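Worksheet for the structure shown next.
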2 protein chains.
Amino acid sequence: MPQGVRAQQRELTRQALVRESRRLFSTLGYGAVGLSEIVAAAGVTKGALYHHFSSKAELFRVVLEQAQQEVAERIAATADARESSWEQLLVGCEAFLGASTDPAIQRIMLIDGPAVLGWAEWREMNEATSGRHLAEVLAVLIEEGTIPAQPVEPLTHLLSGAMNEAALWLAASSDPADLADATAALTRLLEALRVP
Amino acid sequence: MPQGVRAQQRELTRQALVRESRRLFSTLGYGAVGLSEIVAAAGVTKGALYHHFSSKAELFRVVLEQAQQEVAERIAATADARESSWEQLLVGCEAFLGASTDPAIQRIMLIDGPAVLGWAEWREMNEATSGRHLAEVLAVLIEEGTIPAQPVEPLTHLLSGAMNEAALWLAASSDPADLADATAALTRLLEALRVP
DNA sequence: GTCCTAGACATACTGAAGGTACGCCAACAC
DNA sequence: GTGTTGGCGTACCTTCAGTATGTCTAGGAC
């Protein structure tokens, strides 16, 4: 918490804006949420919003960054508890699926993210957080010889995309058995990658 | 071509709107294109646009439908030339990668599609076109025993997502070797699925 | 304590965008 | 020839992101 009445108030306002906009973005989607709703929910005015953020898209960017961080931390916490890199890959992927199934995370991270910021910037952010974990563990596994030698980047994108789509499907599905099926299919896919 | 002067003019206007909006959507993105630009490019006014389409989103929907159809046809044409289901899967996936690498297709199909129409509707359209080919051939391969017995749907989503992401990565990449690498990685992934 | 500056907002406004209401005119039916 | 309807243009409305400017007070200088 910062020192001084002013700095504290500033921080409170900023947090309220981020919190409320995240709630609204995740439930209604970026396009369907007006700035007036956000500032009303945060108990401030548009003057405050534009004092803290240069545009609606930048506010979204901060929200997305926060969500990405949280997901990455969940993955890291789950994976770091394992010894072997291979197990880290498996439980890391499962953790990603679990975290990304949350509709609130989804709408922001997977649906609106690429459209609002553009795919390039979205990818960059992804690679700075959860995507990095995946790329790193794959690189280790290839070096170890657990996975056949090959360029890391294409494989990372393939797996990352597979999990993103699976997460979206799971969130839309109503059958609870689907989660088990998807996890099983993903595990099979990963196992199939391993050298015999 | 429909009969009558009126019906022909109607069709021409509609086609001009779809053609120009597709061009603009694919180059600038849905959000960055105004209706005024579209109608100006098509040589009509907003009155004409709203006579043919109920909203900007519906116009986009028609454009997306058209793009999906084209991709699906390219895949079908490539795959149908092969004898075995396994080969159909391989060349079908490659055809999808090739078609989706076109930035004009991409922006509409993979970036804006889910955000504008919502993921559920986007998925539905996908499953009616190119996604169906994938699901069908996978079902056949499982029944044949070429791929281990498992639910078809999760696997379809995993592979579909993997290819979508790979296509987006390829379009953003500048190195021409990436296409070969991605294709190789995808082929390895598919081969790994096959029962030994 | 006083003064002054600057930062943290609120208020009022602008431009542009999507969408609507309505009017016009040529094509088609009869 | 006359009435009707479909196809489209024009003018307008509403909403929304973004801006310009005012206001008030915390906090440092003295």
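Just so it is clear, the model here is predicted, and its values are computed rather than measured. Letters A, B, ... are given to chains in the order of the sequence lines, protein chains preceding strands, and every chain is numbered from 1. Hydrogens, waters and symmetry mates play no part in the numbers below; they use all other heavy atoms, side chains included.
We find that CD of B:Glu58 is positioned 15 Å from P of C:dG18, with the value rounded to whole Å. Separating the CD atom of B:Gln9 from the P atom of C:dC25 is a distance of 17 Å, rounded to the nearest angstrom. What separates CG of B:Leu24 from P of C:dG18 is a distance of 12 Å, to the nearest Å. Per the geometry, CD belonging to B:Gln8 stands 16 Å off C1' belonging to D:dG6, to the nearest Å. Taking atom CG of B:Leu35 as the reference point, atom P of C:dT20 lies 11 Å away to the nearest angstrom. Atom CD of B:Glu11 is separated from atom P of D:dC8 by 10 Å (rounded to the nearest Å). In this structure, B:Leu49 atom CG and C:dT20 atom C1' are separated by 13 Å, rounded to whole Å.
Of the residues near DNA chain C, B:Ala57 and B:Arg6, the one whose nearest nucleotide (by heavy atom distance) lies more toward the 5' end is B:Ala57. Remark on DNA chain C: of its neighbouring residues B:Val33 and B:Val5, the 5'-side contact belongs to B:Val33, judged by nearest-heavy-atom nucleotide. Each of A:Gly47 and A:Gly34 was assigned the nucleotide of DNA chain D with the nearest heavy atom; the assignment lying further toward the 5' end belongs to A:Gly34.
Contact of A:Lys46 with C:dA10 (side chain to base): no donor-acceptor pair of N or O atoms is detected under 3.5 Å. On a pure distance criterion of 3.5 Å, no polar donor-acceptor pair joins the side chain of B:Lys56 and the base of C:dG19.
At least one test fails for B:Lys56 against the ring of B:Phe25: distance under 6.0 Å to the centre or angle within 45° of the axis.
At the phosphate of D:dG7, neither OP1 nor OP2 sits under 4.0 Å from any side-chain N or O atom of B:Thr13. Residue B:His51 places none of its side-chain N or O atoms closer than 4.0 Å to OP1 or OP2 of D:dG9. Neither OP1 nor OP2 of D:dA17 sits under 4.0 Å from any side-chain N or O of A:Ser55.
Judged by distance alone, the side chains of B:Arg22 and B:Thr27 never bring a donor and an acceptor atom under 3.5 Å apart.
In terms of heavy-atom proximity, B:Pro154 sits nearest to A:Trp169 at CG-CH2, 3.8 Å.
For A:Arg188 and A:Glu191, the salt-bridge test fails: no basic side-chain N is under 4.0 Å from an acidic carboxylate O.
For the pair A:Gln88 and A:Glu83, the minimum side-chain heavy-atom distance is 4.5 Å or more.
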